[in-house]
Amino acid sequence: MRVEELKVSEKVKLILRKRGIEELYPPQEEALKSGVLEGENLLVAIPTASGKTLIAEIAMVNTLLREGGKAVYIVPLKALAEEKFQEFRDWEEIGLRVAMATGDYDSKDEWLGKYDIVVATAEKFDSLLRHGSSWIKDVKVLVVDEIHLLGSRDRGATLEVILTHMLGKAQIIGLSATIGNPEELAEWLNAKLVMSEWRPVQLRRGVFHQGLVVWEDGEVDRFSSWEDLVYDAVKRGKGALVFVNMRRKAERTALELSKKVKSMLTRGELRKLKELANSLEENPTNEKLAKALQGGVAFHHAGLGREERVLVENNFRAGLIKVVVATPTLAAGINTPAFRVIIRDTWRYSEFGMERIPVLEVQQMMGRAGRPKYDERGEAIIVSTTENPGDVISYYIKGKPEKLFSQLSNESNLRSQILALIATFNYRTVREILNFIDRTFYAYQRKDTYSIEAKIKEILYFLMENEFVELTLEDEIIPLPLGTRTAKLYIDPMTAKVFKDFFKYIEKDPNPIGIFHVIALTPDMVPVSYSKRELSKLEEEYYSLKDRVYADDPYLAYDPYYERKFFRAFKTSLILHAWINEVSEADIVEKFSVEPGDIYRLVETAEWLIYSLKEIAKILGASQELLDYLEKLRVRVKHGVREELIPLMELPMVGRKRARALYNAGFKDFESIARATPRELLKIEGIGAKTVEAIFKHLGREVKIVEKPKKNTLDYFLNKQ
DNA sequence: AGGAAACCACTCTAGACAGCATGTC
DNA sequence: CTAGAGTGGTTTCCT
């Protein structure tokens with residue numbers, strides 16, 4: 001179908017033409033003819049990269065142009081929010097204002113209410129709902145991207161609750177991967193269902209086993225090893241994406257592959273790759289990455305720092321990096337297609353032992369094969385070492401993906417959501433809560449809510465016992481300040497309870513080790529693990545810091561579960577403590593065997609939790625002194641600095657390293673910097689022209705610095721050519 | 001006795017969301 | 001039951 005024939009405003013067609021879209025893909029056509037343009041709900045279950053976003057965009061904009069109001073587009077990842085936000089800004093040309101809302105970024109200067117399209121993560125939107133933002137009532141369309149994540153254990157309930165709140169109030173458009181029970185989901189959503197296996201790039205799937213690739217169509221190709229599948233792709237001028245189930249394996253495999261891939265590169269490529277490798281900040285993880293990069297191969301997993309991740313993604317897309325070996329980070333994340341996808345593992349370790357990786361996930365990985373516009377087809381190959389290739393084909397390739405199951409009844413999810421209903425949505429009785437539950441996917445799927453009723457009552461008891469809510473004489477459940485604050489802070493009620501339980505100790509003797517240990521004992525903290533060999537060192541450290549730790553001695557009662565939890569939290573506490581004492585990232589990586597990406601996530605979460613601890617402390621009647629102490633600690637965690645650097649952290653382009661350099665050079669506050677000459681600041685290690693300009697601008701002084709380009713910077717290379 | 005190879009038991013394992021505070025008919 | 005790489009220590013075997 002041609003764009004011309006579409007029954008939408010000329011404005012929409014204008015933007016589509018600008019993007020170079022003249023023709024719609026068959027599933028797009030089917031979806032747009034389903035009634036979604038007339039305002040009906042829609043569930044689209046089609047493969048990745050077959051144009052789901054465009055369907056939602058057209059429907060969204062169409063409704064906005066027809067009825068006004070707002071559209072909200074929900075994504076599962078912050079990185080994805082950024083990607084969609086940039087894409088959607090195309091619509092600004094026809095007067096639609098686009099915003100993004102995630103935990104660490106809100107479209108600045110303006111209130112979200114001024115925008116027409118808001119891209120948000122699920123949790124952020126849930127939080128906005130809880131805060132009762134007035135513009136919510138104007139939401140006419142809600143798009144939920146990757147709606148199959150409704151079945152994910154830890155985050156699925158959020159989507160389910162958002163949808164339950166919005167059903168009937170806004171048009172719902174769900175975009176899903178292929179799932180086992182799309183009909184059931186569509187029925188719950190009261191949506192038209194559009195399913196298709198169509199892809200813009202043909203996909204050929206197969207299994208590699210003992211020197212042979214057996215394709216789904218029965219054909220067979222010979223390769224001496226799975227690595228040859230990679231080399232073959234590179235030789236043909238294409239790229240390969242290898243999925244593995246362990247970080248360590250991703251790194252090792254990348255290094256291994258890079259040796260041979262290196263010999264297939266041109267001199268120009270080698271030079272650029274070397275440049276790329278040199279640009280990395282120094283730490284153990286990056287050293288490995290740099291080495292692999294020089295052979296045109298990279299690994300990609302959550303241990304990489306943000307910059308490194310983006311660097312790998314961009315250069316892989318641009319074709320400079322030929323091969324990426326990744327853990328599932330790349331499977332559901334941002335768009336990184338490759339001609340050939342190789343899946344090395346179909347098993348994964350979990351807390352219950354080894355588990356099969358779900359069909360849904362493997363199919364999403366395979367879906368990354370084939371780059372639209374570059375390849376006429378993509379290839380996805382599962383490597384099977386022990387299993388019968390026929391079985392693998394029937395299970396993962398011909399097999400049906402898993403059904404989606406509601407995760408609402410999961411205790412921690414339910415606890416948070418029940419509290420939110422009472423504290424932020426004014427639900428007052430068990431009856432009202434059950435009426436809400438009746439409208440969820442959980443109830444739709446289970447047909448009865450009997451089993452969940454008992455759980456809800458248990459949760460209510462927990463909430464009352466811990467003073468989140470109370471029962472009035474008229475048998476109404478009303479929220480108490482602790483409950484309201486907890487729901488709005490978006491922390492698990494159990495986290496708030498931990499804060500409350502330790503409050504009296506914190507109040508008596510506030511200290512970073514003890515406070516970090518407390519936040520690390522909450523269910524909201526990122527889990528950090530320690531190896532058996534680390535334990536004795538942790539024990540030693542604990543005994544030397546014992547008087548600063550609030551929690552009970554881990555060996556007081558014989559409880560291996562508590563012991564593990566205690567030392568995990570203790571390790572987290574030591575890492576954060578090192579961080580705020582300006583221990584370098586490389587040293588933390590070395591000492592605690594965590595990676596840069598882990599540190600970022602830890603720090604990010606810790607900052608949020610310390611803020612939350614401060615807010616809960618306020619409710620518990622903390623002194624101003626304690627609140628100030630916690631605020632300082634929060635800032636220190638945010639930037640990873642000692643107390644004396646706090647004033648410098650407001651400067652633009654100044655992080656922990658530059659702040660320390662300034663301080664040591666005698667620039668301890670704004671006044672001393674304002675009196676300095678640019679030349680004086682430039683002499684300081686790590687401070688360049690751009691930083692000095694930004695600093696002075698912040699202090700109200702315009703300075704322009706003309707500088708000779710430094711070695712190994714982009715300018716340096718640009719000038720050289 | 002010395003040293004290398006073979007063997008065995010044991011350890012370890014993916015990812016990533018959330019606060020804040022806005023303004024007007 | 002269902003994986004596979006790495007590690008570290010011990011045994012075995014050969015000279």
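Since we're looking at a predicted model, the values are computed, not measured. Lettering follows sequence order; numbering is per chain, from 1.
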- Query: Given that A:Trp347 and A:Arg344 both sit by DNA chain C, which one's nearest nucleotide is further toward the 5' end?
  - Reply: A:Trp347
- Between A:Glu355 and A:Arg252, which has a closest nucleotide on DNA chain C that is more 5'? A:Glu355
- Task: Sugar-phosphate means primed atoms, P, OP1 and OP2; the rest is base. With that split, encode nucleotides 12-17 of chain B 5' to 3' as B, S or - using protein heavy atoms under 4.0 Å.
- Result: SBBSBB
Could you tell me how far apart [X] ([atom1]) and [N] ([atom2]) are, to the nearest whole angstrom?
X        : N      : atom1 : atom2 : result
A:Leu535 : B:dT11 : CG    : P     : 12 Å
A:His209 : C:dA3  : NE2   : C1'   : 15 Å
A:Leu129 : B:dA18 : CG    : P     : 14 Å
A:Leu128 : B:dA21 : CG    : C1'   : 12 Å
A:Leu489 : B:dA21 : CG    : P     : 10 Å
A:Leu112 : B:dT24 : CG    : P     : 15 Å
A:Tyr105 : B:dC20 : OH    : C1'   : 15 Å
A:Asp391 : C:dA3  : CG    : P     : 13 Å

Between [X] and [Y] (judged by ring centroids, cut-off 6.0 Å), do the two rings come close enough to count as a pair?
X        : Y        : value
A:Phe566 : A:His517 : yes
A:Phe425 : A:His165 : yes
A:Tyr73  : A:Phe88  : yes

- Message: With hydrogens left out and only the distance checked, is there a donor-acceptor pair under 3.5 Å joining A:Glu607's side chain and the base of B:dG19?
- Response: yes
- Message: Suppose we define a pair by two distances each less than 3.5 Å, Watson-Crick or G-U wobble; what does B:dA16 pair with here?
- Response: none
- Counting Watson-Crick and G-U wobble pairs only, both distances under 3.5 Å, name the nucleotide matched with B:dG23, or none. none
Does the pair [X]/[Y] count as a salt bridge with the N-to-O cut at 4.0 Å?
X        : Y        : answer
A:Lys249 : A:Asp345 : yes
A:Arg601 : A:Glu604 : no
A:Arg348 : A:Glu355 : no
A:Glu595 : A:Arg247 : yes
A:Arg97  : A:Asp116 : yes

- Task: Look at A:His131 and B:dG19 and indicate whether a side-chain polar atom (N or O) is within less than 4.0 Å of OP1 or OP2.
- Result: no
- Message: Mind checking if A:Ser134 touches a base, just sugar-phosphate, or nothing, with heavy atoms under 4.0 Å?
- Response: base
- Is the NZ or CZ atom of A:Arg356 both under 6.0 Å from the centre of the six-membered ring of A:Tyr395 and within 45° of that ring's axis? yes
- If pairs are Watson-Crick or G-U with both distances under 3.5 Å, what is the dot-bracket string of DNA chain C, marking crossing pairs with [ ] and pairs to another strand with |? ..|||||||||||||
- Is the number of heavy atoms from other residues, nucleotides or ligands under 6.0 Å of A:Glu307 CD greater than 12? no
- Message: For the P atoms, the ones on C:dA5 and on B:dA14, what distance do you get once it is rounded to whole angstrom?
- Response: 15 Å
